[in-house]
Amino acid sequence: MTELSSADPLLNGLNPQQREAVEYRGPALLIVAGAGSGKTSVLTRRIASLIRGREAWPSQILAITFTNKAAAEMRERAEQMLGAATEGMWISTFHSSCVRILRREAENFGFTKAFTIYDSHDSRTLIKRLIKETEADTYGLSVSGVAGKISRLKNELTDVDSYSRNANVNDPTEVKFLEIFRGYTRALQAANAFDFDDLIAQTVFLFRAFPHVADHYRKQFRHVMVDEYQDTNHAQYALIHELTRECADGTPGGSLTVVGDSDQSIYAFRGADIRNISEFERDFKGAHVVMLEQNYRSTQTILSAANSVISNNFDRKDKKLWTDVGDGDLIVGFTGYSAHDEAQFVVDEISALHAQGMGYNEMAVFYRTNSQTRALEEIFIRSALPYRILGGTKFYERAEIKDVLGYLVTIANPADSLAVRRILNTPKRGIGPATETGLQNYADTNQITLREALRSADSLGLGPKVSGAIAKLSGLIDEATALAESGPVADVLTRILEETGYVDLLRATRDPQDEARAENVEELLAVTKEFDKNNPEGTLIDFLTEVSLVAAADELDDASGTVSLMTLHTAKGLEYNAVFITGVEEELLPHRMSAGEPGGPAEERRLFYVGITRARKRLFVSLAMSRAQFGQTNVAMPSRYLQEIPTELIEWRQSPGMANGRDGYQSRALNARGSRYDGGFGSGELGGWGSTEGGWNSLEASPKPKTEWANRVTNKIRDNGDLELVAGDRISHADFGEGTVNQITGEGAKRVAHVKFDSAGAKKLLIKIAPIEKL
DNA sequence: TGAGGCTTGGTTTTT
DNA sequence: CCAAGCCTCA
């Protein structure tokens with residue numbers, strides 16, 4: 001081991017803990033990296049110091065991240081330090097590392113290196129067909145239920161055989177599920193395809209089944225580093241274990257460095273197991289732990305709020321983020337009357353910050369659920385503020401893109417019948433479901449693939465028109481396959497588009513959205529050209545791999561000059577000068593679905609924590625008093641997490657407890673220590689929030705909301721609380737006039753009156769807040 | 001084969 | 001309320 005002098009530029013500007021994280025040498029190292037503590041910098045410097053100190057060759061480094069973006073960032077930073085010496089390093093995501101290994105080793109276990117990667121949509125399509133075939137829906141099995149269960153099992157490394165060994169054969173539903181699981185596994189194998197979860201799980205199975213193969217990679221990767229370790233699921237954990245295990249010939253496993261922050265674990269619902277990090281020291285005996293607590297991102301005010309919130313999670317290693325940049329501004333809180341009112345606040349503050357010189361791309365708005373974008377978008381558009389929404393429908397998930405990719409997949413992997421089915425009648429060429437079934441049956445009886453069956457269309461006794469169409473399609477595939485042998489991907493795609501007329505057909509329709517679809521396809525063509533340019537040696541398979549594993553078409557370009565809107569989940573790993581966290585309400589944050597689950601509220605708290613710690617300088621938290629959801633307007637309660645921010649750190653523009661505009665007034669109830677809010681929709685009571693002046697109840701005295709948008713929702717929010725209504729009652733509504741109650745549904749605060757109005761028709765009203773009177 | 005009506009379900013989702 | 005998917009009918 002080479003001693004690094006303290007003048008080493010690699011250690012410049014590092015604090016003692018960071019330095020230790022770079023310099024420590026041993027079999028296992030856990031870097032507990034709080035938000036904004038410079039972990040990427042530490043990780044890349046650690047790599048650089050291994051190379052510079054001649055402790056490792058580049059090819060012995062394996063650095064694993066979860067996202068392409070994180071991998072790209074790490075590679076870029078490593079290149080800045082090491083230049084060409086980074087060549088040969090594996091710096092990539094879990095999934096692409098596994099694909100790389102699987103492509104090399106696929107022939108060991110019944111796949112070819114041309115295998116397809118099924119995304120979750122492909123999986124569902126397949127499962128849907130299996131459910132239909134086995135009539136499993138009559139057993140209460142749904143596509144999403146089965147897909148979710150299969151995914152969970154794979155993440156736990158349970159394959160069909162081990163599942164069947166423990167299955168309860170007396171439970172017909174379980175037997176049915178097993179049948180589908182088996183069919184699904186067979187179909188993937190027959191199609192020479194892996195789903196996302198397989199990529200990890202099959203690599204683990206490969207290593208376990210072929211120790212000499214595993215040894216090869218163990219000997220290659222002497223230094224394994226894993227980022228965001230708190231988000232690893234069991235399969236990923238096992239993969240890391242397998243990679244760093246001792247070889248059969250006694251060669252010790254490589255050194256393992258993991259970086260993570262259990263306070264930022266927000267993917268438990270996807271199988272991430274927080275114990276992987278919290279029990280790291282138990283798993284890897286002699287592991288060394290370094291804690292990075294100094295934060296280089298946020299003001300002390302923001303960090304104090306974050307610390308205070310997260311400290312409410314028990315069962316965590318205590319750590320306190322701190323900074324030496326000073327307190328900065330107070331957090332600003334706002335309570336809107338409605339989601340639109342809240343959005344108006346966000347927009348107003350963004351305009352003000354922009355007027356003070358902050359760029360739009362330095363600001364971001366976070367929310368818990370995608371459906372919250374609607375109100376925000378409306379106000380952003382109306383205010384002409386530039387914005388973009390991250391996440392949402394991904395480019396490669398669009399139907400038109402998947403159609404076109406179906407051709408490329410068919411060419412690259414002829415065994416993939418799912419892809420063949422997709423393109424069979426796309427664009428329309430008269431090959432209907434009956435023909436498809438006929439072809440599939442023919443393929444099954446003759447033990448050939450669907451692709452091969454297309455060549456025998458003549459012997460199927462189909463009409464001349466259909467046979468001709470199949471022959472033409474088959475010819476096109478052959479032709480394009482030949483082209484793909486040597487030619488660039490763009491040429492293959494161009495030929496397909498020409499022969500099928502796909503884009504022209506889209507342009508010819510009257511649906512205005514088809515123009516956008518045509519543009520998307522042309523965008524894809526541009527992507528292939530770009531790929532060809534960047535990868536002169538790249539094959540069609542390489543292209544498809546990249547496409548499958550790149551999520552959103554790299555949405556991040558920070559120079560765009562727009563405000564970014566995204567979910568709290570998407571926000572992880574990002575940072576902005578100003579951050580708005582919206583919808584900080586019970587039922588939303590924590591979300592109603594997770595509030596009852598074990599560990600749910602704690603994970604939601606971490607989500608809030610992640611949101612808070614994204615902010616560098618300014619943090620805004622906002623909520624609405626009423627929120628429309630599923631067509632109904634519900635009373636919303638401030639989130640329990642709001643109370644966990646110390647009073648003195650928030651300046652309320654309009655506080656939840658008292659929104660009547662008296663300057664300087666702050667709800668004592670809101671920030672009072674120990675006054676735990678435990679009410680909810682079902683409780684029928686307002687809980688601890690209203691103790692000063694009745695919480696939401698006092699709102700009738702409020703001044704009119706400042707935005708005209710608020711008028712869209714009734715601004716006379718009142719509390720009819722215990723107003724008793726029964727079917728047959730006559731009522732009067734402020735907007736709809738008089739009517740008769742037909743029935744009452746729901747309970748407590750959620751009681752809904754179904755009213756037939758004399759002139760306004762039938763309406764459903766939330767009794768608690770509707771502006772109604774019993775006549 | 002496509003349009004339109006009906007049902008259903010509606011957290012989050014790095015790959 | 002509202003989007004996606006399914007079914008039905010011309």
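Here is the naming used below: chain letters follow the sequence lines, and residue numbers restart at 1 for every chain.
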Could you state the CD-P distance from A:Q236 to B:dT14, rounded to the nearest angstrom?
-> 13 Å
What closest approach, in Å, do A:Y229 and A:N276 show between heavy atoms, and which atom pair accounts for it?
-> CE2-O, 3.1 Å
Is A:E378 salt-bridged to A:R374, cutoff N-O under 4.0 Å?
-> no
Can you check the A:M566 CE to B:dT14 P distance for me, whole Å?
-> 13 Å
All N/O contacts under 3.5 Å from nucleotides 10-13 of chain B to the protein, with atom names and distances to one decimal?
from: B:dT11; atom 1: O4'; to: A:H591; atom 2: NE2; distance (Å): 3.3
from: B:dT12; atom 1: OP1; to: A:N370; atom 2: N; distance (Å): 3.0
from: B:dT12; atom 1: OP1; to: A:N370; atom 2: OD1; distance (Å): 3.1
from: B:dT12; atom 1: O4'; to: A:R368; atom 2: NH2; distance (Å): 3.0
from: B:dT12; atom 1: N1; to: A:R368; atom 2: NH2; distance (Å): 3.4
from: B:dT12; atom 1: O2; to: A:R368; atom 2: NH2; distance (Å): 2.4
from: B:dT12; atom 1: O2; to: A:H569; atom 2: NE2; distance (Å): 3.4
from: B:dT13; atom 1: OP1; to: A:T567; atom 2: OG1; distance (Å): 2.8
from: B:dT13; atom 1: OP1; to: A:T570; atom 2: OG1; distance (Å): 3.3
from: B:dT13; atom 1: OP2; to: A:N370; atom 2: OD1; distance (Å): 3.3
from: B:dT13; atom 1: O2; to: A:R270; atom 2: NE; distance (Å): 2.6

Can you tell me if A:Y217 uses its side chain to pair, donor with acceptor, with the backbone of A:L243 under 3.5 Å?
-> no
Are more than 12 heavy atoms from other residues, nucleotides or ligands located less than 6.0 Å from atom CZ of A:R275?
-> no
Answer with base, sugar-phosphate or nothing: what part of the nucleic acid does A:D231 contact at a heavy-atom distance below 4.0 Å?
-> base
I'd like a list of close polar pairs between nucleotides 1-9 of chain B and the protein, N/O only, cut-off under 3.5 Å.
none

Looking only at side chains, do A:S639 and A:E585 share a donor and an acceptor under 3.5 Å apart?
-> no
Going by atom types only, do A:R627 and A:S338 share a side-chain donor-acceptor pair under 3.5 Å?
-> no
Using atom C1' of each nucleotide, how far apart are B:dT14 and C:dA3 to the nearest Å?
-> 25 Å
Parallel, tilted or perpendicular: which fits the ring planes of A:F194 and A:F115, with parallel below 30° and perpendicular above 60°?
-> perpendicular
Is A:E575 paired with A:R614 through a side-chain N to carboxylate O contact shorter than 4.0 Å?
-> no
Modelled atom types, side-chain donor and acceptor of A:S120 and A:S123, under 3.5 Å = no
Would you classify A:R374 as touching base, sugar-phosphate or nothing, given that sugar-phosphate means primed atoms plus P, OP1 and OP2, and contacts are heavy atoms under 4.0 Å?
-> sugar-phosphate
Do A:K128 and A:E133 sit within salt-bridge range, that is, some charged N less than 4.0 Å from a carboxylate O?
-> no
Whole-Å distance between B:dT14 P and A:I64 CD1?
-> 19 Å
Round to a whole Å and report the spacing from NZ of A:K572 to C1' of B:dT14.
-> 7 Å
If you look at every heavy atom in A:I581 and A:I612, which pair is closest and at what distance?
-> CD1-N, 3.6 Å
Show each protein N/O and nucleotides 6-10 of chain C N/O combination with a separation under 3.5 Å, one pair to a line.
from: C:dC6; atom 1: OP1; to: A:K128; atom 2: NZ; distance (Å): 3.3

Return the value, rounded to whole Å, for the distance between atom CD of A:Q372 and atom P of C:dC2.
-> 16 Å
